[in-house]
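A quick note: this is a predicted structure, and the numbers were derived from the prediction, not measured. In what follows, chains carry the letters A, B, and so on, assigned in the order in which the sequence lines appear, proteins first and then strands, with residues in each chain numbered from 1.
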Amino acid sequence: MVAVFVGFGLLIGTLFGFFGMGGSFLVTPALLVMGYPSTVAVGSGLAFVFGTSVIGALRHRDHGQVDYKLAAIMTVAMTIGIEGGKSVVFFLEATGMADLIINVAYVGLLAAVGLLTLRDAWSDDDDTETSSDLADRVQSIHIPPMVTLRGGVRVSGTIIFAVGLVIGVLSGFLGVGGGFLLMPAMMYGLGVPAAIAVGTDILQITISGAFGAFTYAQSGSVALPVVAFLLVGSALGARVGAGATNLVDEDEIKGYFAAMLLAGSLAVASNKLGTVYGIDLLNTLSTVLIFGAALLVSGAVVLAAVCRLRNDRTGTWCRLTTS
Amino acid sequence: MFGLENLSGSAQAVATVGVVLAEAFALYLAYGLLSNTVGATVIDALGGD
């Protein structure tokens, strides 16, 4: 069992170091499948995300891929936004519509962000200009205070705050960390380079993960031995994933990110339909989709990085990851 | 296993977050040392040199 946790941690750490997301998204369902109570699964998932993101953030800092100003503004705005999102959930619970609306919104958002990212990754150079139009327009709005970010990006601090607030509301509403929204918002909305968006996203996740782990640990809902073994694997994986962001092209990062989101969207939809209609096959499909996508995508990330190291774009396996 | 069960709620939470943070730092340093020692050899081997 120790080897399973360490191996699983390695897989998740690679994805997390590369994308800045995918921690609790994968750990919590895995612990639920293993029979842990839901509060322990969520609490341990958050503690694991906190530990892994500390390592990931330190690693990205070594590569100069963390923007502290951006992380600070986003953290404050998201914290306020999350409280707003929770209020929306309480309101919906009173109407009895919370589960349906939250699940539909979650699946829709994952799919929409996944498709947007996939379109951008597949578009040629001319089309890429269209996708950067939004960032150009945002950067041309001069609402003070103007903030200069890493990568030479200059953007309004007020707009960064507003973006963080909206993501915070969505995070609080959906009950998720928000990494899958924060990274594309920084890349497409603010024009932050992909590697810096990932590094900054991970720092923000460290802060929110610590708070989440603290909350669950107060009621003893963190399985520390499980977290400890997962971290042994993920610490190594986070190094591999963060190192790979320096080797693999930005557009390839976007392609893998889109694949993860679309698989996640299908998995959540399948899981909810399976639960509502009592179809076990759909629940199994959901588990296979989540873990299959994690295994395939982390394998592709490592393979793409090795191909870059070898400067190989023509080998059979390398062509699969560079096309 | 970690002996935190006897602590009160908030103390247990602080200790849990502290243990995870300490392990993360220890692993970061340990793998960093490992990376400095054998990293170049592994990258050369993967790069086909």
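- Annotation for A/Phe291: atom CZ counts as buried by contact number, over 12 foreign heavy atoms lying within 6.0 Å.
- Looking only at heavy-atom pairs under 4.5 Å with chain B, the residue among A/Thr52, A/Ile55, A/Val227 that has the most is A/Ile55.
- Within a 6.0 Å radius of CZ in A/Phe211, other residues, nucleotides and ligands contribute 12 heavy atoms or fewer.
- Contact count against chain B (heavy-atom pairs under 4.5 Å) is highest for A/Leu58 among A/Leu58, A/Leu231, A/Val222.
- Considering only heavy-atom pairs separated by less than 4.5 Å from chain B, the leading option among A/Leu236, A/Val54, A/Asp62, A/Thr206 is A/Leu236.
- The two residues A/Ala223 and A/Val40 make their nearest non-hydrogen contact at CB-CG1, 4.0 Å.
- Among B/Ser35, B/Gly32, B/Ala11, B/Ala30, the residue with the largest count of heavy-atom pairs under 4.5 Å with chain A is B/Gly32.
- When all heavy atoms of A/Ala57 and A/Val66 are compared, the closest pair comes out as O-CG2, 4.0 Å.
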